Amino acid sequence: MAQRIGTKLFVSRLSFYTTKDQLKNLFSPFGQVTEVNLVMDSRTGRTKGFGFVSYQSENEALKAIKAMNGRIIAGRIIFVEPAKDTR
DNA sequence: GCTGAGCGG
């Protein structure tokens, strides 16, 4: 299977006030985002601090990773890496 | 009103 990226991106270490809309406009210019999902907590109704971003192609997803990995968002460092294809 | 490793529904 070798190294497979996948179109799903795992975005973590976000600020607790960052929303899905923020991620969308931050990851949109790097490629066509087909899906943006911010994981919410059922107890507080706020973000867990991580989410998922999907692109049309793996090359766009990989480009977004290199472009946004370890970048400053909302004054915090965010980690971007391919999500597990455990789906 | 806060916190801070991880892979959601």
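No experiment lies behind these values; they were computed from the predicted model shown. We name chains A, B, ... by the order of the sequence lines, and we start the count at 1 in each one.
Remark: the backbone N or O of Gln22(A) is paired with a side-chain donor or acceptor of Asn25(A) at under 3.5 angstrom.
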Please list every donor-acceptor pair under 3.5 Å in which a side-chain atom of residues 33-40 of chain A meets a protein atom from a residue at least two apart or in another chain.
from     : atom 1 : to       : atom 2 : distance (Å)
Thr34(A) : OG1    : Ser54(A) : O      : 3.2

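Here the side chain of Val39(A) is nearest to one of dC7(B), dG9(B), dA5(B), namely dG9(B). Counting only heavy atoms from C-beta on, Lys8(A) has its side chain closest to dG8(B) among dG8(B), dG4(B), dC7(B). Ranking dA5(B), dG9(B), dG1(B) by closeness to the Arg46(A) side chain, first place goes to dG1(B).
Looking at heavy-atom distances under 4.0 Å, Ser15(A) makes contact with a base. Note on Phe79(A): nothing from the nucleic acid sits closer than 4.0 angstrom, heavy atoms only. Within 4.0 Å (heavy atoms only), Leu14(A) reaches at least one base atom of the nucleic acid.
As a whole-Å value, the separation of Arg76(A) CZ from dA5(B) P is 12 Å. The interatomic distance linking Phe16(A) (CZ) with dG6(B) (P) rounds to 14 Å, in whole Å. Between Ile77(A) atom CD1 and dG6(B) atom P there is a gap of 18 Å when expressed in whole angstrom units. Whole-Å rounding puts the Asp41(A) CG to dC2(B) P distance at 14 Å. Rounded to a whole Å, the NZ atom of Lys48(A) is 11 Å from the P atom of dC7(B).
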Run the side chain to side chain contact (heavy atoms under 4.5 Å, CB included) check on Thr47(A) and Leu14(A) step by step: do they pass? CA-CA 9 Å; Thr47(A) 74; Leu14(A) 298 165; over 6 Å; no
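Applying the 4.0 Å criterion to OP1 and OP2 of dA5(B), one finds that Arg13(A) has a side-chain N or O inside that range.
The ring of Phe52(A) does not lie on top of the base of dC7(B); it is either too far (5.5 Å or more) or too tilted (30° or more). Residue-nucleotide stacking is not present for Phe50(A) and dG6(B), judged by a side-chain ring centre under 5.5 Å from the six-membered base ring centre and planes under 30° apart.
Of all non-hydrogen atoms in Tyr55(A) and Glu60(A), the two that sit nearest each other are CD2-CB, 4.0 Å. Scanning both residues, Pro82(A) and Ile65(A), for their nearest heavy atoms gives CD-CD1, 3.4 Å.
Toward the 5' end of DNA chain B, the nearer of the two residues Tyr17(A) and Asn37(A), judged by each one's closest nucleotide, is Tyr17(A).
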